[in-house]
Each structure stands twice: as structure tokens, then as C-alpha cells.
2 protein chains.
Amino acid sequence: MNYPTIKEIASIAGVSANTVSRALRDESGVSPETRQLIKKIANQIGYERNVLASHLRTRQNRTIGAIIIDNSNPFYAEVLKGIETGCKARGYQILIYNTQGDYAMEEQAIRLMFSYRVRGIIIDPVPNRGEDHLRLLQERKFPFVLASHYSPEIRANWVGYDDYQVGNTLGEFLIGKGHEEILFFGGYPGDSTYDDRFAGFSAALRSHGLEPRPEQVANFQVDSDAAYRRMKLLLASPRKFTAILAYNDVAALAALKAIKEESLRIPDDLALAGVDNITMADLVEPGLTTMHLPKQEAGQVAAELLIDCIENHAPDRRIVLKPNLIVRSSV
Amino acid sequence: MNYPTIKEIASIAGVSANTVSRALRDESGVSPETRQLIKKIANQIGYERNVLASHLRTRQNRTIGAIIIDNSNPFYAEVLKGIETGCKARGYQILIYNTQGDYAMEEQAIRLMFSYRVRGIIIDPVPNRGEDHLRLLQERKFPFVLASHYSPEIRANWVGYDDYQVGNTLGEFLIGKGHEEILFFGGYPGDSTYDDRFAGFSAALRSHGLEPRPEQVANFQVDSDAAYRRMKLLLASPRKFTAILAYNDVAALAALKAIKEESLRIPDDLALAGVDNITMADLVEPGLTTMHLPKQEAGQVAAELLIDCIENHAPDRRIVLKPNLIVRSSV
DNA sequence: GTGAAAGCGCTAACAT
DNA sequence: ATGTTAGCGCTTTCAC
């Protein structure tokens, strides 16, 4: 397919390429008549500015990279949607890359974004695997924003949730409902999200004279299958808990299935709470008590932060979005 | 941020830029020692090829566009994931654009992809709104692949499911379970997916001497809220059906919630089936009987088709993936 | 095996 | 208000 160029427009209009360029960019110094003529011709022959060539000359473009763990996970899907919304509002485009939580892929993704000369990157980093390439971004003063997860060792733009409060609120809520034996189900230490949620939860226990116990913590990397199998195992041995605080809704819903299969009643035999408030949390029976996290908002704010950094050299910021307790009938 | 160029590598290595370019592209005509030296220097100074500049000269790049309706919808999220997987395998990158089912946005998206000089586009078209820009793509012989939806008037690459069989299989299954009054719940005519599913369903009815009746069809654009509200309304008036065949699982799960709130039992009072087999279909109670559609596979095949078109000028193909009945307890 | 020169499409700087 | 020239970083052509 052959795209028309400004040269062709120029020769049709009988002006120089430069004039065409200025006319199409709405730069001053072109007579209204010429400008109109040029735009008309451009429209007629289906001209589309070659942003790659334009970038080469100006070193400016409106492309950013989004490096996420898995866009088919409903949580990340919502965040990505928000990023897209935020970018669209400022005329930016997005190159995406799924890392599958693989650290090597994350590095590859960053290099790829470099080779496309994107102006900035939003990255939901693979937790707990070192931060070498994040440090590299920082050294090069390359604009980037961390989403959801952060690294305590890296001071950078960050958009996430108050995960301490997530754990604390749910802990208090469960304790308030009379539970003293609560299983913390899913996630693993070293991941900032897990650590903060667990810290908040532990604080809630302690403020009521309770103490988190090792046998009431089940650490694993959450996906639906893993969570289901783990809960099956836990239910097969004598139960040491009356309530479950799941790392997220995906884990909670998988647990829900396992619990129902054992013919246990929720919330009577076992109370259950999750985190995220994904769409399905409202559709299952009983409805899942959970913390709502503003996922799309997080993506959108991340995009805005990044673009501010790119265009206005805004200083690093850390933006904490407030979670919200959603009480349904599972507790 | 300043990126090193081949010129800089050249001056360090004491060779010409041309030699550097050839060495890094693994072209012949460079001595092994020179090549090794050049690659070492490139590595040391963190060189990343500027693919934008490269494109300008070669008119080749490895970028495609993915124009989808909404990446936060679990169905499209899976398809997008498949596209990403397929692209990664062939070294292609993806620019994404969500149209929200808005026809004007779809057109904007295509122009944007043009301005980025992407080599091809995968598009899940907004159904039922004319096909002007698809025709434009065709006239310009621009490589593109339709995903899921198609237009009867456009002969083009297409990857989708056998939607007639989807409707037919579920229709037969419900009839086989003794249902003669079946509500077809969600979607709207003019959308190829809907039309094919409904045709398959109607054929199943007819082959058993039954006839689809207007009051047993509920047309609406599916999202969770709309489906929930619609089912609430339907249940408030005297029921004219004993089973529900939902357009997709999102509609089915929303219906499930409404039905439970009326204290009706599934499948005894009302049987329910969906289409898609999203993750949640297995987690709700009772498990949802549905047709499994290979969503990620569809995305991956679409990517392969497109790249074949781009690289090998492969002729247009239409690929139909087989759906699969998943029997759970909701029927 | 290597280098010099030209040009992809665009825009910035300078001229008229 | 408009045109000329040069150059972004790369690859291709042609010369040595």
C-alpha cells in the first residue's frame, strides 16, 4: 500500500513541501486560502501523516508502553482499560506487552519499548525478583510509572491502593463479626501488595489481642486453579479457621467453589472475603464481601501522571487510591 | 534521554556507520572480528536500534494494530491475549485501540493505525453499522483480519466460531432435556454472531416441530447490568419459558443472579445455558452449561493469518473454530 | 570486507 | 507568506 506524502500534496497544490507541512500542522505563516486548499487536497487523496518520519525529525511522539503481567486477568484488564482511556484523552497510543510475571520478559519488554522510542512506560512490575531494569530506567531518567506493585527500594512514580488499609479494614470487619481464627489465603511475601495487606491484617488482629499464626497463612501465587486446589487441601484436614480473608477475588471465588463442594454453608460454617470487587463478585451466591479497588481509575491516573512527566517534566509522585469496603452476604 | 546511534558505535570501533549497520543486522560482508567488536560495543553502550528510522528507509516494520470493542470484557480480553501470543512468536508488536462499539471511533482507530504505518490490522468490527472503512481497507489492499464478527458483504480474512452450531447444539440439548419453551436472551439482529446463533437455534426447534416465537426472544446489547435488569422484568410478568439460552455467559450470569433473587431453583424451575465458557462459568453455583469457544486460539490464529498475509501475501482465508458443549448442572 | 553517498518523509532554520 | 537547504538514524547502492 502506498501512502501519499507531503511532496505529492505540494506538487498538486503548486507549493513547497514546507508550506504543506506547516499548513497541516496548523502552524502560522500560511495564508488562509493556501491552508484550506492544502487541507482539501490532503483529504481528497487520503493523506495520513507518517508519525514515524515525523518522530525522526522532532524526537517527539505520542506513544507509550504498557507492560503488564496478563491482560486476560480481569484485574489487569480493567487497569489497562483505564490506561487506554487516559491516553486517548491526551492523544497518546499504547504498545502493550504481557510479561506473564516472567522477569526476563519484563526486561525484554523494556528494551523493545526503547527500540520504538516510546516516550514513557507504565509498568506493573513482576514482584520480588530484583529491580535491575527499574533502576536502569531511573538512571537514564526515563519517564515511567509503577502500577499496583512497587519496590521499597525504588522511589518513582507510583499509582496504587492503600493496601495496608485493605488488610486492616477486612481484618477489623471479620473480627467485628466474631471471628478470631482467620485464614489469610493467597499471595506471597516480598510482593508489596501482599506485604501491606498482611501487615494491615496483622495489626487488626493485634489491636484485639490476637496474633497471626503460621498455620493460618497459605502462601501461593494466585490463579484460579491453584487457589481451588489449595482450598480443597485445606478443607480435607481439620479446620483451624472460621473465616477466610483471600488475597483477591479470584482466589476467593475459587475458594467459594471448593467450599460449596464440601457442602459447607457460607457464611454460617465459614465466612469469606476477597479483594478487588471484580464484576463476578456481585454475581455469585452468596455475594462476595470484598474491598472495591478503583482499577480503571488507577490506570487512568497512571496515564495522566506519565504524560505529565513526559510533557511537563513533572516531579515523581506517589498516588494512593482509597479502597472501599463492599459488604455482601458472604461474611 | 539520549540513545546511542550507529554513528557513535562506528566512531568508537573505527569503522563506517554502514559496517555497523550490516554487522548488527547479521548481514554478510563483515569480518567475524569486526562484527564481534561492533556487537560488543553496542552492548556496552546500550544501543537499541531505532525501529522508526529503520522503517523509514525499509518501509518494513513489525507492528500491527488491534482494534477491539472493549479489552475489559473477559471475552475480548482472552482474544487480545491470543493476539499478543501469536504476535510475540513472530516478533510483532501491537498497538491497541478500544472502540467501545462506537463506529466513529473505529474509523478513527484505522486512520491512527495508518499514521503509524502498521503493516496490518486485526479488527473486531462494530456490527451492524455499515462497512465503509472495511471496504476502504479492501480497496487499498491493506492486510486485515476480522475477528469474531464478520460482514456478509465483505469477503476478507476472518477467524471466528461456528456460531450456527453454537445455537444448534444448545437448542438440541435443551430440547433433549424436555424443554419446549426456550427464551433466547440477549444480542440483536444484524450482528453476524447473533444471526448465526439464532438461525442454529431456530433450526433445532423446527427439527422438533417447534417454532421460535417473538415473545421468546429478548433483544438487547449485552452487558451485565442490562441483562440483569431485563431478566428482572421478564421474571416479574407471567413466565412463558422453562429454559433460557443466553447470548453469552455474561448475560447468563446476570440472569442467574436475577433468577436466584426470585428464589427460583436452577435447573428445576428454570434451566439456563450460556456461550463462551468464561472462567466464572465454572465457579458459580450451579455450574453454567455453556459452549466453550477457543478465545485465545482465535486471537492467535488471527495473528498468524495476518502475518502470513503481510509477509507472504497469503490469500484471504476464513477460519472457523469448533465450539464445544460443556455440560454443567444449570440445565 | 569496507566506505562514501544518497534518500526514506518529515520539520527546523534560514532565506527571500 | 512562501521556498530552499539540511538533517533526524537508518539502509541501500555502488564503488573500491
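Naming: A, B, ... by sequence-line order, numbering from 1 per chain.
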**Message:** Just verifying a value: how many Å separate B:L306 CG and B:R90 CZ, rounded to the nearest 0.5 Å?
**Reply:**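 If I round to the nearest 0.5 Å, the distance is 9.5 Å.
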
**Item:** Which atom of B:S192 lies closest to which atom of B:Y150, heavy atoms considered
**Value:** OG-N, 3.0 Å

Euclidean distance, atom [atom1] of residue [X] to atom [atom2] of [N] [Å, nearest integer]:
X      : N      : atom1 : atom2 : value
A:Y116 : D:dC10 : OH    : C1'   : 15 Å
A:H55  : D:dC10 : NE2   : P     : 10 Å
B:L52  : D:dC10 : CG    : C1'   : 11 Å
B:Q60  : C:dG9  : CD    : P     : 14 Å
A:E33  : D:dA1  : CD    : C1'   : 10 Å
B:R59  : C:dG7  : CZ    : P     : 15 Å
B:N61  : C:dC8  : CG    : P     : 18 Å
B:I9   : C:dT2  : CD1   : C1'   : 17 Å

**Below 4.0 Å: OP1/OP2 of D:dG3 and any side-chain N or O of A:T19** =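 Yes, A:T19 has a side-chain N/O under 4.0 Å of OP1/OP2 on D:dG3.
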
**Message:** If you compare every side-chain N and O of A:T34 against the phosphate oxygens of D:dT2 (OP1, OP2), does one of them come in below 4.0 Å?
**Reply:** yes

**Prompt:** When every nucleotide of nucleotides 10-16 of chain C is labelled 5' to 3' by its protein contacts under 4.0 Å (heavy atoms), B for base, S for sugar-phosphate only, - for none, what sequence of letters results?
**Reply:** BBBB---

Where the side chain of [X] meets the backbone of [Y], is there a donor-acceptor pair that is under 3.5 Å apart?
X     : Y     : value
A:R25 : A:S21 : yes
A:K7  : A:T5  : no
B:T19 : B:V15 : no

**Message:** The test is side chain to side chain contact (heavy atoms under 4.5 Å, CB included); show your working for A:L305 and A:V159 and say whether it passes.
**Reply:** CA-CA 9 Å; A:L305 221 60; A:V159 178; 3.7 Å; yes

